[in-house]
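Structure, as structure tokens:
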Amino acid sequence: MFHRTCKRLLLLPVLLSLTAAAQAADTHPPAAEMSLQQAVNGSWRSDANKARDVYRHPVETLQFFGIQPGMTVIELSPGGGWYTEILAPYLAAHGQLIEAAPPKAEKFNAKLKSNPAVFGHIAKVIPFAPPDQVSLGASQSADMVLTFRNTHDWLINSPDTLAAVFNAAYGVLKPGGVLGIEEHRAKPFADGQATAGALHRISEDYMISQATKAGFRLADVSQVNANPNDPEDINVHRLPPDLSGPESEHAKMKAIGESDRMTLKFVKP
């Protein structure tokens, strides 16, 4: 009986340690490889961000682009880091995530510092502010370049700025590498720069033409982020989540939901 009691006492700290580790795993991403769904379900993501999954479909979108754990992935202009908090833990174990962000992205930098367990494995943050700073790294050094709802901003600056970003992505990608684009969609054959400025949208045909001019091949098109309720002629900031228009139209905008979005997969031959 004495020996059994001693064994139990000796095991107690070990069991407590394992319990603490299990509890810690609930709030921090494990160092081991995780699935996209585990990354999306992570408790480090806020309820507000998770609430947008129904419109952004992160698992299906990233699967469509063909992301794999061992890849070197560059995310362009990450904004507040909505996708970063999925990409960073997903690629932590075996891959490499590079963030191309404006030099003074204070909100984004604060997010990275706020949770080293989630963001501490990001390989590096490189300055990226088109048209002045568009370099993405050494030639043929990345497997995938991703951009989410940013291309209209570069087009607002000028068609040359958008072309410079596409050329930079082409240069940094390995042969067979993927450029994944999600963007607010304008009506077909609409003037690209006009809709970018007025509505923050680009037509799908315009996007495809500009990417192919840079040398990319359109590999696939997905409707995973499509919204047929969106008439495509509304400034996207009037729609959720911004609802920047008058309060009298908020109910109507909420009924539409977030914007209709194209999801395009391009490949460098």
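A quick note: this is a predicted structure, and the numbers were derived from the prediction, not measured.
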Arg56 vs Glu182, test: salt bridge (Lys or Arg N to Asp or Glu O under 4.0 Å). Steps then yes/no.
CA-CA 9 Å; Arg56 293 190 169 185; Glu182 181 200 329; 5.6 Å; no

As a quick check of understanding, evaluate ring pair (Phe, Tyr, Trp, His ring centres under 6.0 Å) for His152 and His200, giving each step before the final call.
CA-CA 6 Å; His152 66 272; His200 293 231; 5.1 Å; yes

Stepwise salt bridge (Lys or Arg N to Asp or Glu O under 4.0 Å) check, Arg238 with Glu249:
CA-CA 9 Å; Arg238 289 170 58 193; Glu249 72 172 22; 2.8 Å; yes

So Trp154 and Thr151, side chain to side chain contact (heavy atoms under 4.5 Å, CB included) or not? Walk me through it.
CA-CA 5 Å; Trp154 304 321; Thr151 49; 3.8 Å; yes

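The shortest non-hydrogen separation linking Gln38 to Trp44 is O-CH2, 4.2 Å. Minimum interatomic distance between Ser35 and Tyr90 (heavy atoms only, all atoms of both residues): C-CD1, 3.9 Å. Looking at every heavy atom in both residues, Ala142 comes nearest to Ile74 through CB-CD1, 3.8 Å. The heavy-atom pair separating Arg52 from Pro241 by the smallest distance is NH2-CD, 3.1 Å. Nearest heavy-atom pair, Pro130 versus Thr161, reported as atom, atom and distance to 0.1 Å: CB-CG2, 3.6 Å. Minimum heavy-atom separation, Pro78 to Thr84: CB-OG1, 3.6 Å.
Between Ile67 atom CD1 and Ile86 atom CD1 the span is 10.0 Å, to the nearest 0.5 Å. To the nearest 0.5 Å, atom CG of residue Leu136 and atom CG of residue Leu76 are 5.5 Å apart. The CD1 atom of Ile208 sits 9.0 Å away from atom OG of Ser203, with the distance rounded to the nearest 0.5 Å. Put simply, CZ on Arg185 and OG1 on Thr195 are 13.0 Å apart, with the number rounded to the nearest 0.5 Å. Expressed to the nearest 0.5 Å, how far CG of Asp260 lies from CD of Glu204 amounts to 9.0 Å. One finds the CD1 atom of Ile234 at 13.0 Å from the NE2 atom of His184 (value rounded to the nearest 0.5 Å).
Taking the ring centre of Phe65 as origin, the terminal cationic atom of Lys265 falls outside the region bounded by 6.0 Å and 45° from the ring axis.
Val40 and Val224 end up in different hydrophobic clusters when Ile, Leu, Val, Met, Phe, Trp and Tyr side chains are linked at under 4.5 Å.
Checking side-chain atoms of Lys187 against main-chain N and O of Glu232 turns up no donor-acceptor pair under 3.5 Å. In this structure, the side chain of Asn229 does not engage the main chain of Gly257 through any donor-acceptor pair within 3.5 Å. A donor-acceptor contact shorter than 3.5 Å links the side chain of His250 to the backbone of Gly245. The main-chain N or O of Gln37 is found under 3.5 Å from a side-chain atom of Asn41 such that the two form a donor-acceptor pair. Looking at Arg201, its side chain never comes within 3.5 Å of a backbone N or O of Val236 through a donor-acceptor pair. For His121 (side chain) and Val118 (main-chain N/O), no donor-acceptor pair under 3.5 Å exists by modelled atom type. A donor-acceptor pair under 3.5 Å is absent between the side-chain atoms of Asn49 and the main chain of Arg45, judged by distance alone. A distance-only check finds a donor-acceptor pair linking the side chain of Asn235 to the backbone of His237 [under 3.5 Å].
Within 6.0 Å of NZ in Lys50 there are more than 12 heavy atoms belonging to other residues, nucleotides or ligands. More than 12 heavy-atom neighbours from other residues, nucleotides or ligands sit within 6.0 angstrom of NZ on Lys174.
By the 4.5 Å heavy-atom criterion applied to side chains, Tyr206 and Gln193 are not counted as neighbours. When side chains are defined from C-beta on, Pro58 counts as touching Trp82, because their heavy atoms get closer than 4.5 Å. Side-chain atoms of Leu87 and Leu62, non-hydrogen and from C-beta on, do get closer than 4.5 Å to each other.
Under 3.5 Å, the side chains of Asn225 and Thr61 contain a donor-acceptor pair of N or O atoms. Remark: the Ser259 side chain and the Asp230 side chain contain no N/O donor-acceptor pair separated by less than 3.5 Å. There is no side-chain donor-acceptor pair under 3.5 Å between Glu258 and Asn227.
Salt-bridge formation is not detected for the pair Lys124/Glu99: no Lys NZ or Arg NE/NH1/NH2 atom is positioned less than 4.0 Å from an Asp or Glu carboxylate oxygen.
Of the listed residues (Val145, Val172, Leu173), just one forms a side chain to side chain contact (heavy atoms under 4.5 Å, CB included) with Lys268, and that residue is Leu173.
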